[in-house]
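Everything below concerns the one structure shown next.
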Amino acid sequence: MTTSSIIFKFVAFLVISSSFSTHVLSEHNTLQANQTFRPKEELLKLKKIKGYLKKINKRPVKTIKSPDGDLIDCVLSHLQPAFDHPQLKGMKPLEPPKRPKANDSMNVMEESLQLWTVSGESCPEGTVPIRRTTEKDVLRSNSLRRFGRKIRRGVRHDTSSNDHEHAVAFVNGEQYYGAKASINVWTPRVTDQYEFSLSQLWVISGSFGNDLNTIEAGWQVSPELYGDNYPRFFTYWTTDAYQATGCYNLLCSGFVQINNRIAMGAAISPRSSVNGRQFDIGIMIWKDPKHGHWWLEFGSGLLVGYWPDFLFSHLRGHASMVQFGGEIVNSRSMGYHTSTQMGSGHFADEGFGKASYFRNLQVVDWDNNLIPLSNLHLLADHPNCYDIRAGKNNVWGNYFYYGGPGRNSRCP
């Protein structure tokens with residue numbers, strides 16, 4: 001199979017497995033227009049939501065109110081949602097693993113952290129900060145089953161009406177044990193509640209059928225999931241192609257958090273501005289050679305936590321593809337291409353200070369070394385709407401600019 005056919009197949013798979021936005025919006029509106037109010041059904045729905053919230057929102061020892069309105073609960077580490085998992089019950093978080101060895105020094109840009117920490121408040125040692133999920137958060141979703149998850153639709157064999165669009169760089173064909181990048185942070189405009197704009201890295205293994213395993217991390221603007229337009233640090237995982245396993249952040253049991261300074265799903269601050277100061281976040285995901293779990297690092301050395309290896313099938317061994325880049329949903333809710341922006345909303349050739357970037361792209365090899373990429377491939381599936389351009393130098397290593405404004409004269 002050629003490289004281009006592999007990445008086309010993966011992007012097509014992502015489109016098939018996660019493109020639900022247009023369908024959900026039209027279905028949601030139709031239901032609202034046609035259904036009569038049924039008090040019993042509504043009460044049952046609310047009862048289920050309250051039950052879910054009681055399960056997912058653990059009792060805090062302290063609560064911090066973020067300037068954006070979020071409530072960050074400081075939860076005792078051993079009571080976090082991960083330990084509801086049958087294979088984790090009664091266990092405690094693991095000690096930090098051996099970090100991958102870097103072969104060169106990387107320059108440091110100005111880092112973004114999180115908005116909830118700007119007041120100087122923090123969670124005590126022995127706790128983890130968790131963004132509180134509200135009834136409003138769940139009600140924005142079409143159903144409780146779908147909340148916090150990417151739901152796969154029926155398989156579609158053509159891609160002519162895809163509503164997920166990408167500008168990505170990727171490597172494949174070898175065995176990968178992790179990936180690292182610094183991702184420029186912006187606040188792209190998202191023009192529809194059921195659309196999103198994200199910038200992330202994917203660690204991937206398995207075929208593109210029902211056995212796909214992915215671990216994902218980066219930042220996203222998602223009005224449906226979070227109720228606003230802030231860029232937020234997020235993670236995702238699945239072991240069965242987004243069908244029944246996995247979720248965003250800590251919205252199900254699985255990811256084990258060990259850090260008391262980073263809240264998954266919380267807003268990132270500060271953000272970059274056109275021709276102004278540029279900020280980025282460092283993301284690294286790697287497989288601990290000793291125990292086999294996949295660990296997550298945020299910023300300059302902040303270990304967030306890990307995905308236990310038993311969650312996965314193919315990723316119990318290694319990844320077969322690593323992908324970096326941007327993705328948006330184009331619901332065409334107005335009958336034409338969305339104006340939802342990717343990255344900064346500027347095309348790649350506008351360069352530093354205008355276009356969004358990924359820099360210092362690296363992968364982790366079998367011996368736990370961070371190494372530069374070889375044979376980097378690029379794909380922009382709608383280049384008149386969002387594009388990508390890569391380069392390499394001694395300061396940024398492998399890097400690329402990407403993104404775009406969405407609807408314009410060449411992208412009707």
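Keep in mind that the numbers below use all heavy atoms, side chains included, and drop hydrogens, waters and symmetry copies. In what follows, residues are counted from 1 in the order of the sequence shown.
Here the side chain of R140 pairs a donor or acceptor atom with the backbone of L225 at under 3.5 angstrom. Here the side chain of N57 pairs no donor or acceptor atom with the backbone of K54 at under 3.5 angstrom. Judged by distance alone, the side chain of Y386 and the main-chain N or O of G326 form no donor-acceptor pair under 3.5 Å. The backbone N or O of L373 sits less than 3.5 Å from a side-chain atom of N398, completing a donor-acceptor pair. Looking at N213, its side chain does come within 3.5 Å of a backbone N or O of D211 through a donor-acceptor pair. In this structure a side-chain-to-backbone donor-acceptor pair under 3.5 Å is missing from Q220 to S222. The main-chain N or O of N369 is never found under 3.5 Å from a side-chain atom of D367 such that the two would form a donor-acceptor pair. In this structure, the side chain of Q257 engages the main chain of I262 through a donor-acceptor pair within 3.5 Å. Put simply, the side chain of N368 never gets that close to the backbone of Y177: no donor and acceptor are under 3.5 Å apart. S66 places no side-chain N or O within donor-acceptor distance of the main-chain N or O of G69, the cut-off being under 3.5 Å.
T245 and T239 share no side-chain donor-acceptor pair at under 3.5 Å. Remark: the T338 side chain and the E195 side chain contain an N/O donor-acceptor pair separated by less than 3.5 Å. Defined by atom type and a distance below 3.5 Å, a donor-acceptor pair is missing between the side-chain atoms of D280 and S182. Looking only at atom types and distance, the side chain of Y176 has no donor-acceptor partner in the side chain of S205 under 3.5 Å away. A donor atom on one side chain and an acceptor atom on the other are not found under 3.5 Å apart for T214 and T238.
Residues L303 and P97 meet the side-chain proximity criterion, which asks for heavy atoms closer than 4.5 Å. R59 has its side chain out of reach of V75: every pair of non-hydrogen atoms, C-beta onward, lies at least 4.5 Å apart. With contacts defined as side-chain heavy-atom distances shorter than 4.5 Å, the pair V329/T340 does not qualify. Counting heavy atoms from C-beta outward, L212 and D240 have side chains that stay 4.5 Å or more apart. Taking 4.5 Å as the limit, some side-chain heavy atom of F298 sits within range of a side-chain heavy atom of L113. Within the 4.5 Å cutoff, side-chain heavy atoms of L315 are placed close to those of W294. In this structure, W295 and W307 have side chains that are not in contact, with every pair of non-hydrogen atoms separated by 4.5 Å or more. Side-chain atoms of E297 and I285, non-hydrogen and from C-beta on, never get closer than 4.5 Å to each other.
With respect to D288 and R99, no salt bridge is recorded, no charged nitrogen being found less than 4.0 Å from a carboxylate O. Salt bridge present: R232 and D70 bring a charged side-chain N and a carboxylate O closer than 4.0 Å. At a threshold of 4.0 Å, the pair K58-D84 counts as salt-bridged, since one of the basic side-chain nitrogens sits closer than that to a carboxylate oxygen.
Every side-chain contact (heavy atoms from CB on, under 4.5 Å) that E135 has, sequence neighbours left out, goes to L46, I49, K50, L53, L139.
If you take CZ on F358 and CD on Q200, they are separated by 8.0 Å, rounding to the nearest 0.5 Å. To the nearest 0.5 angstrom, I328 atom CD1 is 11.5 Å from S199 atom OG. Taking CD1 from I371 and CG from D365, the interatomic distance works out to 4.5 Å, rounded to the nearest 0.5 Å. Separating the CZ atom in F310 from the NE2 atom in H85 is a distance of 4.5 Å, to the nearest 0.5 Å. Here the CZ atom belonging to F347 is positioned 7.0 Å from the SG atom belonging to C385, to the nearest 0.5 angstrom. The CD1 atom of I268 sits 8.5 Å away from atom CD1 of I183, with the distance rounded to the nearest 0.5 Å.
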E165 and H337: CA distance, side-chain angles, deciding distance, side chain to side chain donor-acceptor pair (under 3.5 Å) verdict:
CA-CA 11 Å; E165 301 180 13; H337 194 284; 2.9 Å; yes
Take K65 and E121, measure what salt bridge (charged side-chain N to carboxylate O under 4.0 Å, His left out) needs, and give me the verdict at the end.
CA-CA 9 Å; K65 185 163 186 180; E121 288 259 35; over 6 Å; no
Between K180 and I283, does the side-chain contact (heavy atoms from CB on, under 4.5 Å) criterion hold? Intermediate values first, please.
CA-CA 6 Å; K180 182 181 181 182; I283 301 284; over 6 Å; no
Go through the steps to decide whether E224 and S141 satisfy the test side-chain contact (heavy atoms from CB on, under 4.5 Å), and finish with yes or no.
CA-CA 7 Å; E224 180 186 11; S141 181; 4.2 Å; yes
Determine whether D73 and T63 satisfy the following criterion, side chain to side chain donor-acceptor pair (under 3.5 Å), listing intermediate values before the conclusion.
CA-CA 5 Å; D73 289 329; T63 297; 2.8 Å; yes
As a quick check of understanding, evaluate side chain to side chain donor-acceptor pair (under 3.5 Å) for S356 and Y401, giving each step before the final call.
CA-CA 6 Å; S356 188; Y401 291 101; over 6 Å; no
Apply the test side-chain contact (heavy atoms from CB on, under 4.5 Å) to residues Y357 and F400: give CA-CA distance (whole Å), side-chain angles for both, the deciding distance (0.1 Å), then the verdict.
CA-CA 6 Å; Y357 63 78; F400 61 84; over 6 Å; no
Can F170 and W202 be said to form a ring pair (Phe, Tyr, Trp, His ring centres under 6.0 Å), step by step?
CA-CA 9 Å; F170 68 95; W202 291 259; over 10 Å; no
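For F233 and W219, the ring centers are positioned 6.0 Å apart or more. Aromatic ring centres of H166 and Y402: separated by at least 6.0 Å. Here the two rings, on F279 and W186, have centers that are 6.0 Å apart or farther.
When all heavy atoms of G265 and N249 are compared, the closest pair comes out as CA-ND2, 3.6 Å. When all heavy atoms of W116 and N260 are compared, the pair lying nearest together is CH2-O, 4.1 Å. Contact record, A355 with S344: CA-OG, 3.5 Å, taken as the closest heavy-atom pair. Listed here is the closest heavy atom pair of Y306 and I258: CE2-CG2, 4.3 Å.
A cation-pi geometry, defined here as NZ or CZ lying under 6.0 Å from the six-membered ring centre and within 45° of its normal, does not hold between R332 and Y194. In this structure, R149 fails the cation-pi test against Y248, since its NZ or CZ atom is not both closer than 6.0 Å to the six-membered ring centre and inside 45 degrees of the ring normal.
The neighbour count for K55 NZ, taken as heavy atoms of other residues, nucleotides or ligands under 6.0 Å away, does not exceed 12. Atom CD of E125 has 12 or fewer neighbouring heavy atoms from other residues, nucleotides or ligands inside a 6.0 Å radius. Within a 6.0 Å sphere centred on CZ of R261, other residues, nucleotides and ligands contribute 12 heavy atoms or fewer.
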